[in-house]
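Here's the structure, in structure tokens; my notes come after.
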Amino acid sequence: MTIENEDHGDGGGSRRDSDDKLPSVEMIFKGKVEPSWTEQLTIRAFVVSFVLGVLFTFIVMKLNLTTGIIPSLNVSAGLLGFFFLKSWTKLMEKSGLLKQPFTRQENTVIQTCVVATSGIAFSGGFGSYLFGMSSTVADASSETNVAQNTKDPSLSWIIGFLFVVSFLGLFSVLPLRKIMIIDYKLTYPSGTATAHLINSFHTPQGAKLARQQVRTLGKFFSFSFLWGFFQWFFTAGEGCGFANFPTFGLKAFDNRFYFDFSATYVGVGMICPYLINISVLVGAILSWGLMWPLIKNRKGDWYSAELSESSLHGLQGYRVFISIAMILGDGLYNFIKVLGRTIQGFIKQYKKKEVIPVTERDSPQKVSNSYDDEVRTKLFLKDGIPLWVSIAGYVAIAAVSMGVVPKIFHQMKWYYVLVIYIVAPALAFCNAYGCGLTDWSLASTYGKLAIFGIGAWAGESHGGVLAGLAACGVMMNIVSTASDLMQDFKTGYMTRSSPRSMFVSQIIGTAMGCLISPSVFWLFYKAFKDLGSPESQYPAPYAAVYRSMSILGVEGFGALPDHCLTLCYIFFFGAIIINLIRDTIAKKWAKYIPLPMAMAIPFYLGSYFAIDMCVGSLILFIWGKLNKAKADAFGSAVASGLICGDGIWTLPSSILALAGVQPPICMKFLSRGTNSRVDKFLGS
């Protein structure tokens with residue numbers, strides 16, 4: 001689950017799509033030789049993409065397995081891609097070996113490939129549906145019939161599964177690229193912002209700023225990495241280290257209110273909008289500060305006093321299912337909202353009497369309003385991709401997938417997969433279109449629909465829980481990659497990169513991700529034996545949430561503890577009402593109303609990461625007050641350095657754990673009474 005964009009209302013739709021009143025970007029690059037689509041796909045670009053893909057996969061995987069909040073890392077990918085290739089070409093130029101200059105098109109290829117690679121760490125479900133299949137997560141839920149509904153991770157079947165489901169989304173919307181980008185002129189705010197960034201890097205002024213940003217990123221990368229290394233020395237046992245410092249006292253610590261000194265989430269807080277960070281904190285206060293202590297007092301009344309705290313029929317059930325209710329309420333509202341905007345867009349196109357073409361040949365070309373539009377459209381149409389490639393690719397991969405997926409999950413019948421592949425192109429189109437309007441991908445929402453639909457169809461006695469989770473994986477991979485591809489086409493359009501090079505880069509990046517992400521996950525899985533446990537440093541919270549959704553879809557409301565259904569109804573409709581209020585009142589007031597999706601995350605996890613993120617927001621806020629220009633220019637670089645350094649530290653820490661090297665010191669924080677008893681025991 002990602003929370004990448006706070007504004008899922010207008011999503012940048014108010015911006016101008018053409019540059020007719022802005023300085024022409026393409027005039028700056030006029031006269032420069034544009035590389036052909038094959039020249040944009042260089043070996044050096046894919047070597048850099050592989051290195052950055054590994055780096056960003058570690059970061060996304062760590063975020064997946066800790067909180068599930070993944071900020072947009074597009075800026076970091078574009079910046080680091082520029083830095084590495086620029087350094088490479090400068091070195092080659094000095095040695096007289098440079099054969100091809102570094103262009104913005106090559107930069108775009110790197111950006112596309114890196115984002116596609118690291119995107120598999122999210123859509124692959126390593127912190128959600130895929131790990132939710134494991135016996136580790138199932139054992140914590142106290143469910144019956146566990147053996148038929150579990151499948152423990154294995155590198156071989158995970159790689160095989162990803163390879164047969166991750167490419168379909170690319171072929172499903174490929175024929176619609178011209179409709180989305182040129183005919184409808186959809187904004188795709190993230191793709192547009194990335195294109196502006198890459199274009200600016202390749203101007204003299206932008207290149208100078210980029211070098212300064214990379215230096216800043218490098219400084220904070222080093223600090224974050226060394227800080228992670230320093231903290232490791234004090235974590236010799238459970239509950240040891242700076243991450244367990246009771247910042248607000250021991251009582252608050254017991255209710256998961258503390259600052260855990262995580263450079264990653266301070267950085268995430270600097271990237272995420274203020275409203276998301278505050279929403280997460282509000283959700284933490286509401287749940288861990290008020291609701292859970294009150295429900296805990298009903299132990300023995302609302303639920304059995306003999307149940308463990310991790311049982312879904314006890315306190316954990318309230319945490320998980322109320323969180324699910326908010327997520328589903330928010331998801332349903334945004335699904336209807338985006339669908340409504342999609343239909344509204346079609347109606348507008350119909351009233352303008354604009355035909356929806358299927359291929360470039362069928363569509364009348366429009367006269368562009370600007371020089372930029374004219375030259376970009378010319379290239380975008382020149383390097384077309386034949387329709388038969390899309391159809392043949394989709395049918396071939398779907399056929400293979402229908403044969404392979406049931407072999408991996410025997411609960412997932414071939415006709416379940418067929419039904420998904422019949423409806424998936426329409427849903428992929430809706431998701432890609434909605435993302436172009438609002439910058440909000442609903443991939444996880446479509447995945448949840450598959451959980452409930454296929455899980456209920458399979459039934460409890462035929463492994464419906466596992467079938468629902470597997471169906472979620474198939475659906476999420478299709479709709480997620482479809483919207484990602486359209487974002488990349490928008491970036492390519494604005495940087496005059498060929499659609500062919502974008503498509504090939506996306507395929508290569510996806511293939512890299514299908515190998516890199518399982519390998520990185522396997523490293524975590526083998527290095528940290530308590531992975532997935534609520535008390536672990538990697539609790540994988542959404543694995544339990546997705547599995548609980550599947551149980552709910554199969555078993556119905558009977559899976560809920562007493563009074564939980566009533567509370568779920570309240571929070572489900574509460575999420576819808578909050579969103580409705582946000583979208584109906586004036587924007588100057590709407591920015592103070594919290595987001596239900598963000599509020600739901602700490603219901604299960606606690607507030608420690610919310611405090612980290614708010615510290616990041618506070619740092620950026622104060623910096624902006626002192627020097628707004630520098631904060632705007634270097635805030636993302638500082639945040640990216642903090643995230644990347646702490647994220648890459650997980651590689652050596654995993655290797656140390658696998659090698660059996662343990663930290664030498666355990667630093668614990670005890671109450672005075674407990675400390676006296678420990679001293680007395682040791683003294684005796």
Side-chain angles (χ1 to χ4, degrees), residues 116-117 119-126 128-133 151 153-175 387-432 443-444 446-451 453-455 457-458 462-485 503 506-518 521 546 550:
T117 301
I120 298 295
F122 164 67
S123 62
F126 299 99
S128 55
Y129 66 84
L130 190 142
F131 191 49
M133 301 175 183
K151 190 172 182 68
S154 167
L155 205 53
S156 56
W157 75 256
I158 293 175
I159 291 174
F161 174 70
L162 291 178
F163 264 106
V164 296
V165 301
S166 296
F167 295 91
L168 273 158
L170 305 180
F171 290 95
S172 66
V173 294
L174 185 58
L387 180 62
W388 68 264
V389 172
S390 309
I391 297 172
Y394 191 87
V395 171
I397 297 172
V400 172
S401 184
M402 284 166 57
V404 173
V405 171
K407 296 288 185 185
I408 298 173
F409 310 105
H410 68 268
Q411 299 88 342
M412 189 75 175
K413 306 302 181 185
W414 67 267
Y415 44 87
Y416 298 165
V417 183
L418 175 62
V419 169
I420 292 173
Y421 288 160
I422 289 171
V423 301
L427 299 181
F429 168 72
C430 289
N431 194 48
S444 58
Y446 291 112
K448 289 163 195 145
L449 292 177
I451 286 179
I454 300 298
W457 186 4
H462 295 92
V465 174
L466 193 67
L469 291 169
C472 173
V474 175
M475 183 66 79
M476 265 186 70
N477 275 282
I478 294 172
V479 295
S480 177
T481 52
S483 61
D484 289 347
L485 179 64
F503 184 63
Q506 184 86 21
I507 286 179
I508 292 174
T510 302
M512 285 183 184
C514 290
L515 293 170
I516 294 171
S517 289
F521 172 74
Y546 273 67
S550 197

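Starting from 1, each residue takes its place in the sequence as its number.
A donor-acceptor contact shorter than 3.5 Å links the side chain of Ser550 to the backbone of Val465. Tyr129 contributes a side-chain N or O that, together with a main-chain N or O of Gly124, makes up a donor-acceptor pair within less than 3.5 Å. With Ser483 contributing its side chain and Ser480 its backbone, the two residues share a donor-acceptor pair below 3.5 Å.
In this structure the side chain of Thr510 reaches within 4.5 angstrom of the side chain of Ile120, judged on heavy atoms. Residues Leu449 and Met475 form no side-chain contact, since every pair of their non-hydrogen atoms from C-beta on lies 4.5 Å or further apart. Here the side chains of Phe131 and Tyr546 are not in contact, with every heavy-atom distance at 4.5 Å or above. Side-chain contact check for Phe521 versus Leu155: every heavy-atom pair is 4.5 Å or farther apart.
Expressed to the nearest 0.5 Å, how far CD of Gln411 lies from CG of Leu466 amounts to 4.5 Å. Note: Leu170 CG to Thr481 OG1 = 4.5 Å, rounded to the nearest 0.5 Å. One finds the CG atom of Leu162 at 9.5 Å from the CG atom of Leu515 (value rounded to the nearest 0.5 Å). Considering CZ of Phe167 and CG of Asn477, their distance stands at 10.0 Å, rounded to 0.5 Å. A distance of 5.0 Å separates OH of Tyr446 from CG of Asn431, quoted to the nearest 0.5 Å.
What you find for Pro153 and Ile158 is that their closest heavy atoms are CB-CD1, 4.0 Å. The shortest heavy-atom contact between Tyr416 and Ala458 is OH-CA, 3.4 Å. Heavy-atom minimum distance, Phe126 versus Pro518: CZ-N, 3.8 Å. For the pair Met476 and Phe122, the tightest heavy-atom approach, listed with the atom from each and the gap, is CE-CZ, 3.9 Å. Nearest heavy atoms, Gly509 versus Thr117: O-OG1, 3.0 Å. Contact between Leu130 and Trp157 at its shortest, heavy atoms only, is CG-CH2, 4.1 Å.
Listed by chain and residue number, Met412, Ile420, Ala450, Ile454 satisfy the side-chain contact (heavy atoms from CB on, under 4.5 Å) test with Ala471 (two or more places apart in sequence, or in another chain). Partners of Ser401 according to the side-chain contact (heavy atoms from CB on, under 4.5 Å) rule, which considers only residues two or more places apart in sequence or in another chain, are Val164, Val165, Val405, Val417, Tyr421. Residues meeting the side-chain contact (heavy atoms from CB on, under 4.5 Å) test with Ala121, sequence neighbours left out: Thr57, Val60, Met61, Ser517.
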After noting the C-alpha distance and the side-chain angles of Phe161 and Val404, does the key distance pass the side-chain contact (heavy atoms from CB on, under 4.5 Å) rule? CA-CA 8 Å; Phe161 174 70; Val404 173; over 6 Å; no
